[in-house]
Amino acid sequence: MQEILVRIEGLCLELPPTTLLITGIITILVGLFLWLGGNYYSGFIVGFLGAALGALGGMVVSRLIGVAYAWGAIIGAAALGLLAVYLKNIVIIILAVFIFAVSSGTGYLSYAWNQATVIGENAQERLKVVTSPDESRIMEPGIFDGFRDRKIDVGNTEKAGSFLERFKVIISDAWTATSSNRWALVFWALLGGIAGLLLVWFVKKIVMALCCGIVGSTVTIGGVQTLLMVKGIAMMQSLQGRPKVLPAIFMGMVLLGWMTQVFLVTHKAKRKTIVVKE
């Protein structure tokens with residue numbers, strides 16, 4: 001999993017420093033907002049997401065019917081934004097299910113890739129001392145075979161043309177590497193989605209805060225990484241020898257963001273109760 005992130009990082013390092021700087025600043029601001037206040041301003045976030053999707057959909061429709069892009073984007077953003085706010089609870093449920101599904105699937109991929117790497121390294125060490133053909137049969141079929149046998153050609157990235165084409169190559173290589181583990185990936189994604197649905201159904205505020213903490217932490221770390229790339233610092237490459245550092249930082253940020261948002265929402269509810277009593 002980390003090798004894919006390293007390749008994406010290497011590709012982004014080729015972008016102009018100005019682009020990285022602007023992108024990094026915007027990403028950090030958005031990430032901090034979601035990390036520490038996403039749940040508190042959930043109505044605004046739901047409306048904004050609805051408006052953004054509506055604008056994209058409006059542009060697609062406007063192209064089909066021959067209307068100006070600007071009008072299509074405006075009408076689509078207004079319509080879907082208002083609908084999202086009106087159906088806020090449903091949108092929150094959908095977002096929670098999606099975030100839990102992606103988190104579960106990504107967690108499985110990361111675990112499987114790491115296990116496959118360890119198995120492969122151990123097998124190489126054991127093959128060095130093989131004394132007979134029978135002893136060479138040390139890698140029995142297992143759930144990590146698809147990852148263990150993966151052969152991601154890093155040179156493919158350089159062979160492609162534009163930035164977008166090379167990014168597509170990286171994603172295509174990652175998808176190919178998971179070919180024999182896709183059913184397990186689907187299973188864990190579905191399991192995560194079902195867990196998210198059940199949790200948000202019973203404890204919506206707490207789960208929404210957790211979702212904002214997960215997304216906010218991810219976006220914030222991505223923004224910091226982007227700013228470091230302005231100076232040519234490759235964070236993912238630097239952490240390759242310390243695979244536990246980034247997950248520990250991420251989990252700590254999620255926990256802090258979750259607790260902060262739960263406190264803010266609880267404080268907001270108490271203030272409303274006091275105002276009503278007065």
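All values reported here derive from a predicted model rather than from experimental measurement.
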Engineer: Please check if Val97 and Val186 belong to a single hydrophobic cluster, counting links between Ile, Leu, Val, Met, Phe, Trp and Tyr side chain heavy atoms closer than 4.5 Å.
Structural biologist: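 Different clusters.
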Engineer: Could you report the tightest heavy-atom contact between Gln261 and Cys212, atom names first, then the distance?
Structural biologist: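 That would be OE1-CB, 3.3 Å.
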Engineer: Answer whether the closest heavy-atom distance between the side chains of Met236 and Leu246 falls below 4.5 Å.
Structural biologist: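 Yes, their side chains come closer than 4.5 Å.
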Engineer: At what distance, to the nearest 0.5 angstrom, does CG of Leu227 lie from OG1 of Thr27?
Structural biologist: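 Interatomic distance, Leu227 CG to Thr27 OG1, rounded to 0.5 Å: 8.0 Å.
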Engineer: Considering all heavy atoms of both residues, which atom of Ile28 and which atom of Thr220 are nearest to each other, and what is their separation?
Structural biologist: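 That closest heavy-atom pairing would be CG1-O, 4.2 Å.
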Engineer: For Gly213 and Trp35, work out which heavy atoms get closest and say how close.
Structural biologist: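 Heavy atoms of Gly213 and Trp35 come nearest at O-CD1, 4.1 Å.
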Engineer: With sequence neighbours left out, what residues match Ala52 under side-chain contact (heavy atoms from CB on, under 4.5 Å)?
Structural biologist: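 Not a single residue meets the side-chain contact (heavy atoms from CB on, under 4.5 Å) criterion with Ala52.
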Engineer: With a 4.5 Å cut-off on side-chain heavy atoms, are Phe44 and Phe33 touching?
Structural biologist: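 Yes, their side chains come closer than 4.5 Å.
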Engineer: Quick check for you: to the nearest 0.5 Å, what is the distance between Gln225 atom CD and Cys12 atom SG?
Structural biologist: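 Between Gln225 CD and Cys12 SG, I get 7.5 Å after rounding to 0.5 Å.
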Engineer: Linking Ile, Leu, Val, Met, Phe, Trp and Tyr through side-chain heavy atoms less than 4.5 Å apart, which residues share a cluster with Leu56?
Structural biologist: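 Taking Ile, Leu, Val, Met, Phe, Trp and Tyr as members, Leu56 stands alone, with no cluster partners.
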Engineer: Would the number of heavy atoms belonging to other residues, nucleotides or ligands and lying under 6.0 Å from CZ of Phe250 be above 12?
Structural biologist: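 Counting other residues, nucleotides and ligands, CZ of Phe250 exceeds 12 neighbours.
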Engineer: State, yes or no, whether a side-chain contact exists between Thr218 and Met253 at a heavy-atom distance under 4.5 Å.
Structural biologist: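 SC-SC contact between Thr218 and Met253 ruled out.
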Engineer: Excluding sequence neighbours, so at least two apart, what forms side-chain contact (heavy atoms from CB on, under 4.5 Å) with Cys211?
Structural biologist: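 In terms of side-chain contact (heavy atoms from CB on, under 4.5 Å), with neighbours along the sequence ignored, Cys211 is linked to Ala96, Ile99, Phe100, Val207.
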Engineer: Do you know the tightest heavy-atom contact between Ala189 and Ser104?
Structural biologist: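 In this case the closest contact between Ala189 and Ser104 is N-OG, 4.3 Å.
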Engineer: With Ala73, which residues qualify under side-chain contact (heavy atoms from CB on, under 4.5 Å), at least two apart?
Structural biologist: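 side-chain contact (heavy atoms from CB on, under 4.5 Å) list for Ala73, sorted by chain: Ala55, Met59.
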Engineer: If hydrophobic clusters are built by linking Ile, Leu, Val, Met, Phe, Trp and Tyr wherever their side-chain heavy atoms come under 4.5 Å apart, do Trp258 and Met208 end up in the same one?
Structural biologist: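 Yes, Trp258 connects to Met208 through the hydrophobic network.
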Engineer: I'd like to check the side-chain contact (heavy atoms from CB on, under 4.5 Å) partners of Ile90; sequence neighbours left out, ordered by chain and number.
Structural biologist: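 Counting only residues at least two positions away or on another chain, Ile90 forms a side-chain contact (heavy atoms from CB on, under 4.5 Å) with Leu87, Ile94.
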Engineer: Which residue is it: Val254, Val262, Leu255? I am looking for the one with a side chain to side chain contact (heavy atoms under 4.5 Å, CB included) to Leu210.
Structural biologist: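 Passing option: Val254.
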Engineer: Distance check, rounded to the nearest 0.5 Å: Ile249 atom CD1 versus Ser217 atom OG?
Structural biologist: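 Output value for this atom pair is 11.0 Å.
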Engineer: Taking all non-hydrogen atoms of both residues, which atom of Met229 and which atom of Glu9 are closest, and how far apart?
Structural biologist: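 Shortest heavy-atom contact: SD-O, 3.6 Å.
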Engineer: Verify the cluster assignment for Ile93 and Leu83: are they in a single hydrophobic cluster under the rule of side-chain heavy atoms below 4.5 Å apart?
Structural biologist: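 Different clusters.
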Engineer: List the atom of Ala84, the atom of Gly50, and the distance in Å for their closest heavy-atom pair.
Structural biologist: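 Closest approach of Ala84 to Gly50: CB-CA, 4.0 Å.
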Engineer: Report whether Met259 and Leu34 are members of the same hydrophobic cluster (ILVMFWY, side-chain heavy atoms less than 4.5 Å apart, transitive linking).
Structural biologist: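 Yes.
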Engineer: Do Phe48 and Leu36 sit in one hydrophobic cluster, given that two such residues count as connected whenever their side-chain heavy atoms are within less than 4.5 Å of each other, even indirectly?
Structural biologist: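 They do not share one cluster, since no chain of ILVMFWY contacts under 4.5 Å joins Phe48 to Leu36.
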Engineer: When you compare the side chain of Ile214 with that of Ser103, does any pair of heavy atoms fall below 4.5 Å?
Structural biologist: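 Answer yes - side chains close enough.
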Engineer: Clusters formed by hydrophobic residues whose side-chain heavy atoms approach within less than 4.5 Å: which one holds Ile194, and what are its other members?
Structural biologist: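 When side chains under 4.5 Å apart are linked, the cluster holding Ile194 also contains Leu198.
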Engineer: In residues 15-26, what donor-acceptor pairs under 3.5 Å come from side-chain atoms, sequence neighbours left out?
Structural biologist:
unit_1, atom_1, unit_2, atom_2, d
Thr23, OG1, Thr19, O, 2.7

